[in-house]
Student: 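Pasting in a structure now, in structure tokens, and then I'll have a few things to ask.
Counting starts at 1 for both ligands and their atoms, in listed order.
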Amino acid sequence: MIVILQPQADRNSDEFRALLAALDARPDITTRVHEVVGRQQTLTEIYLLGDTASLDQAEIESLPGVDRVVRISREYRIIGRHRDDRRPAGFEYNGIQFDQEELHVFPGLCAVDTRAHVETMLRALREHGVQCTRMGAYKPRTSPYAFQGHGRECLPWVFELAGKYGIRVIAMEITHEDHITEIREALEQTGNPTGVMLQIGTRNTQNFELLKSAGRQREFPVLLKRGFGITLEESLHAAEYLASEGNARIVFALRGMKTNLGDPHRNLVDFSHVPVVRRLTRLPVCIDPSHSVGTRDRGPEGLLEIQHATAQGIVAGANMVLVDFHPDPATALVDGPQALTLAELPGFLEDVAIVREAWERRTRLAKPQSPV
Ligand code: PEP
Ligand code: MN
């Protein structure tokens, strides 16, 4: 059960202390306080854990300081979309709003290689009014002999260039909790010219210690990828790990499932789960068509299969697209075969706009349903 306090609730007030004490005193109930920082206001929520079935919702709603009560109807207590749950969802980060309504495209380099490539990429994004990108500095690689990314060494110049070209958010994978500190320090050192969304990759979806570290810090939002060989439910529990540690600024990403039945694509595209994640949780949903499809093959009409996968995700309500581009894919150190070229950027963005309009028209046809 979630007890949502009135918006002006002060955690240092006598009223708050009395309420918490009253809830704590119920038999077999423990409490956990969460702060939800929204666009207009910060909401305080008290999670009641334990034997909540015996509690009287109306009675708790009548306690001083309580705005309303939501009964938890899903296992995912914090990220879940519960019955009669009208809590605001999503978050703002560095001037960009992320929620289940918005759509943001993050085109960029799978892996940072040269300064010239980063600058060419970012210049192209500015020319097309794109304020978000992806830049990999720490790369999890199958072979220990493959390029592992430039790591902390490239961060200052990547952040400076991002600031120069008006990039507000960079999705950047971390594979160890130390990377959070390195990113924080490099941002401070360069005067915070941009923002970073910490990406937890598919190989680390169930790295619980990494999840806890990313969940304990409140500075950076987290892009959590679905595990490539686990169920959706297991991956959503991983997202709940982040939230339960205190950071609910999460975007959940689908990136395809590892199975040979996905051949000839790199992974079996799982974007039909976009509406499922939107239904089960209040998280914005990202799709990664590049790591799903993994090739530059085209249909006979001339569209890239990566574009088709992108369209499938957007037409079903995706809120973010993480997509690999490279100024010169032939020399890319990681994932060149799936990178789109800068010449393909305008067409890609136009295609996204067409499909997004189709999604908007589809939703106008539909009647909103409350979750069950
Ligand atoms: C990536 O986005 O660069 C990446 C490695 O993705 P994934 O974790 O989905 O394989
Ligand atoms: Mn990659």
Student: For the residue pair Phe106 and Phe98, does the interplanar ring angle fall in the parallel (under 30°), tilted (30 to 60°) or perpendicular (over 60°) class?
Tutor: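 Because their plane-to-plane angle lies in the 30° to 60° range, the rings of Phe106 and Phe98 count as tilted.
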
Student: If you check every N/O/S atom of Asp335, which is the one nearest the Mn ion (ligand 2)?
Tutor: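 The atom in question is OD2.
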
Student: Between Gln97 and Asp99, does any side-chain donor sit less than 3.5 Å from a side-chain acceptor?
Tutor: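 Yes, a side-chain donor-acceptor pair sits under 3.5 Å.
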
Student: Go through ligand 1 atom by atom and flag the ones less than 4.0 Å from a non-hydrogen atom of Lys139.
Tutor: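 Near Lys139, the atoms of ligand 1 are 1 (C), 3 (O).
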
Student: Looking at Gln199, which atoms of ligand 1 are within less than 4.0 Å of one of its heavy atoms?
Tutor: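 Counting from 1, the qualifying ligand atoms are 1 (C), 2 (O).
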
Student: Hey, does the side chain of Gln148 reach the backbone of Ala146 with a donor-acceptor pair shorter than 3.5 angstrom?
Tutor: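 Checked: pair present.
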
Student: Using a distance-only test with no angle check, is there a side-chain donor-acceptor pair under 3.5 angstrom linking His176 and Glu182?
Tutor: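 Distance-only check fails for His176 and Glu182.
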
Student: For the pair Glu344 and Arg296, find out whether any cationic side-chain nitrogen is under 4.0 Å from an anionic carboxylate oxygen.
Tutor: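 Salt bridge between Glu344 and Arg296, a charged N being under 4.0 Å from a carboxylate O: yes.
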
Student: May I ask you to identify the nearest protein heavy atom to atom 8 (O) of ligand 1, giving residue, atom name and distance to one decimal place in Å?
Tutor: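 Looking only at protein heavy atoms, the one closest to atom 8 (O) of ligand 1 is Thr202 N, 2.8 Å.
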
Student: May I ask you to test the Thr31-Val3 pair for a side-chain heavy-atom distance under 4.5 Å?
Tutor: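 Not touching, per the 4.5 Å side-chain cut-off.
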
Student: Hey, are Tyr241 and Gln206 close enough side-chain-wise for a donor-acceptor pair under 3.5 Å?
Tutor: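 No - no donor-acceptor pair under 3.5 Å links their side chains.
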
Student: For atom 5 (C) of ligand 1, find the nearest protein heavy atom and state the residue, atom name and distance (0.1 Å precision).
Tutor: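 It is Glu173 OE1, 3.5 Å.
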
Student: Tell me yes or no: between the side chains of His291 and Asp335, is some donor less than 3.5 Å from an acceptor?
Tutor: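 Yes, Asp335 and His291 have a side-chain donor paired with an acceptor closer than 3.5 Å.
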
Student: Which atoms of ligand 1 have any heavy atom of Cys110 under 4.0 Å away?
Tutor: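 So the answer, numbered in order with elements, is 3 (O).
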
Student: How close does the nearest protein non-hydrogen atom get to atom 4 (C) of ligand 1, and which residue and atom is it?
Tutor: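 The closest heavy atom on the protein side is His291 NE2, 3.6 Å.
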
Student: What angle, in degrees and rounded to 10°, do you get at the Mn ion (ligand 2) when you join it to SG of Cys110 and to NE2 of His291?
Tutor: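 Vertex at the Mn ion (ligand 2): approximately 130°.
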
Student: Nearest protein heavy atom to atom 9 (O) of ligand 1, by residue and atom, and its distance?
Tutor: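 Looking at atom 9 (O) of ligand 1, the protein heavy atom closest to it is Arg255 NE, 2.6 Å.
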
Student: With heavy-atom distances below 4.0 Å as the criterion, list the atoms of ligand 1 near Gly201.
Tutor: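 Those atoms are 8 (O).
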
Student: Identify, for atom 6 (O) of ligand 1, the protein heavy atom at the shortest distance, and state residue, atom and that distance.
Tutor: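 The closest one turns out to be Lys225 NZ, 2.8 Å.
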
